[in-house]
Amino acid sequence: MEPPRAKRGRPPRTVVSARVPTVTPSAAHLASVRTPLLDWYDRNKRDLPWRRTKDPYAIWLSEVMLQQTQVATVIPYWERFLARFPTVLALAAAPLDDVLSGWKGLGYYSRARNLHRAAQEVVSRFGGKLPSTAAELLSLPGFGRYTSGAVASIAFGEQAPLVDGNVARVLSRLFEVEGLPGDREREATLWELATLLVKGERPGDFNQALMEHGATTCRPENPLCLLCPVRTGCVAFRKGRVDELPPAKVRAAPKKLTLALAVWAHADTLLFARRADSGLFGGLWELPAAEVDEDATEAETTLRLTGALGAGVKLEAMLGTVKRQLTHRDLTLRLYRVSGPLRPTRSAAFQELRWCTPSEAATLGMSTAMQRALEAAMTALK
DNA sequence: TACTCGTGGGC
DNA sequence: TGCCCAAGAGT
């Protein structure tokens with residue numbers, strides 16, 4: 001079809017749609033990247049446990065765990081989790097509490113809640129078998145564009161693109177893609193490039209090659225350009241712009257969050273509470289916590305804890321403070337030994353209350369922050 | 001759109 | 001040490 005021609009006497013329309021890529025690579029440029037990168041991957045890929053399996057469930061699990069989490073951290077979690085929940089059916093049938101326990105310490109706990117929900121949907125909607133296309137996967141909880149493309153290409157061989165932090169950096173440099181992380185036009189360009197590149201043989205390996213290259217060679221700082229298999233096709237390398245692309249993302253300063261924790265001992269047990277499913281540490285167990293002002297008085301703290309537990313509380317002693325740095329939270333946990341006339345067994349502020357011995361508590365799903373607080377409390381109580 | 005949601009490694 | 005950030009998704 002002939003392209004529309006600008007009418008005489010009228011300036012041609014300038015296309016500024018955000019969906020039009022600003023980079024239009026030639027077929028030769030694409031080929032100069034695809035083949036060497038795939039060859040490089042075959043020779044240099046790391047021996048990672050999820051690269052030894054073809055089980056889509058196991059691959060899916062690895063992709064979820066790897067979201068915003070480093071490979072070395074994930075490996076032992078992946079192996080333990082798979083041993084505990086070896087199939088989609090086993091995961092779907094397990095109580096959420098057990099799933100969160102298996103995720104304990106890995107962070108971003110909504111991943112575990114969504115994984116569990118998705119497993120149940122795979123059973124109810126797809127007969128227990130993970131669907132094989134990115135479009136279908138996208139409809140499941142916890143499957144965004146990245147994870148859908150990753151599972152579809154790696155586990156099922158679909159020519160589905162993916163863009164993660166590594167791929168964004170690699171493609172930004174190779175094709176000189178401008179713009180800040182989060183910029184719509186930039187994202188559209190990166191996905192368009194990934195879509196063009198993944199077409200061909202072994203799409204799953206090619207996607208992993210892009211990520212592996214970013215993780216090991218085309219690193220954020222001190223990239224190893226002299227060892228790069230595609231540097232001759234890299235626009236940023238040719239122009240000396242490797243250090244400028246991509247620009248660093250601007251991160252908001254962490255906000256302060258202060259929690260008062262009730263350390264309520266009875267016999268050989270402590271009182272524990274399970275948080276609401278949404279929000280920070282959703283669904284996890286904790287020493288019952290209430291948010292307080294940074295400069296809260298003891299009276300205010302008493303009021304907050306009483307309100308949270310729905311039972312009168314007396315502050316007996318300040319046992320210590322645990323500080324914890326999250327990505328966007330500056331967390332302060334204040335430990336108070338408390339007592340009260342009536343020992344609560346349920347409360348409106350929590351999903352569940354439970355009196356547990358330390359060994360029972362060890363099996364509960366609990367954040368690392370709370371784990372540290374619990375250790376501090378046990379030490380102080382001795 | 002911009003914010004929320006954890007953790008440990010590396011420098 | 002303090003600060004950077006890593007195989008993103010949900011709202």
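Convention: sequence-line order gives letters A, B, ...; per-chain numbering from 1. Just so you know, these numbers use all the heavy atoms, side chains as well, and skip hydrogens, waters and symmetry mates.
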Q: Between C/dA9, B/dG6, B/dG8, spot the one nearest the side chain of A/Q67, thanks.
A: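 Among the listed nucleotides, the one closest to the side chain of A/Q67 is C/dA9.
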
For nucleotides 3-5 of chain C, give me every protein contact, N/O to N/O, under 3.5 Å, one pair per line with atom names.
none

**Q.** Over 12 non-hydrogen atoms of neighbours within 6.0 angstrom of CD in A/E298
**A.**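 Result for CD/A/E298: open.
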
Q. If we take the P atom in both B/dG6 and C/dT11, what is their distance in whole Å?
A.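 The same atom, P, in both gives a distance of 14 Å.
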
Distance check needed: [N] [atom2] versus [X] [atom1], whole Å only.
X      : N      : atom1 : atom2 : result
A/M65  : B/dG6  : CE    : P     : 15 Å
A/R184 : B/dA2  : CZ    : C1'   : 13 Å
A/L280 : C/dG10 : CG    : P     : 18 Å
A/Q371 : B/dG8  : CD    : C1'   : 15 Å

Q: Measure distances between side-chain N and O atoms of A/T73 and base N and O atoms of B/dG9, and say whether any donor-acceptor pair falls under 3.5 Å.
A: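 For A/T73, whose side chain was compared with the base of B/dG9, there is no donor-acceptor pair (under 3.5 Å).
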
Q | Side-chain donor/acceptor contact of A/Y108 with base of B/dG6 under 3.5 Å | A |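 Checked by distance alone, the answer is yes.
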
Q | Under 4.0 angstrom between A/T147 side-chain N/O and C/dA9 OP1 or OP2 | A |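 Yes, because at least one side-chain N or O of A/T147 sits under 4.0 Å from OP1 or OP2 of C/dA9.
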
Q) What does A/G282 touch in the nucleic acid at a heavy-atom separation under 4.0 angstrom: a base, only the sugar-phosphate, or nothing? A)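 Nothing, no nucleic acid heavy atom in range.
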
Q) If you pin A/K255 and A/M366 to their nearest nucleotides in DNA chain B, which one's is more 5'? A)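 In this pair, the answer is A/K255.
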
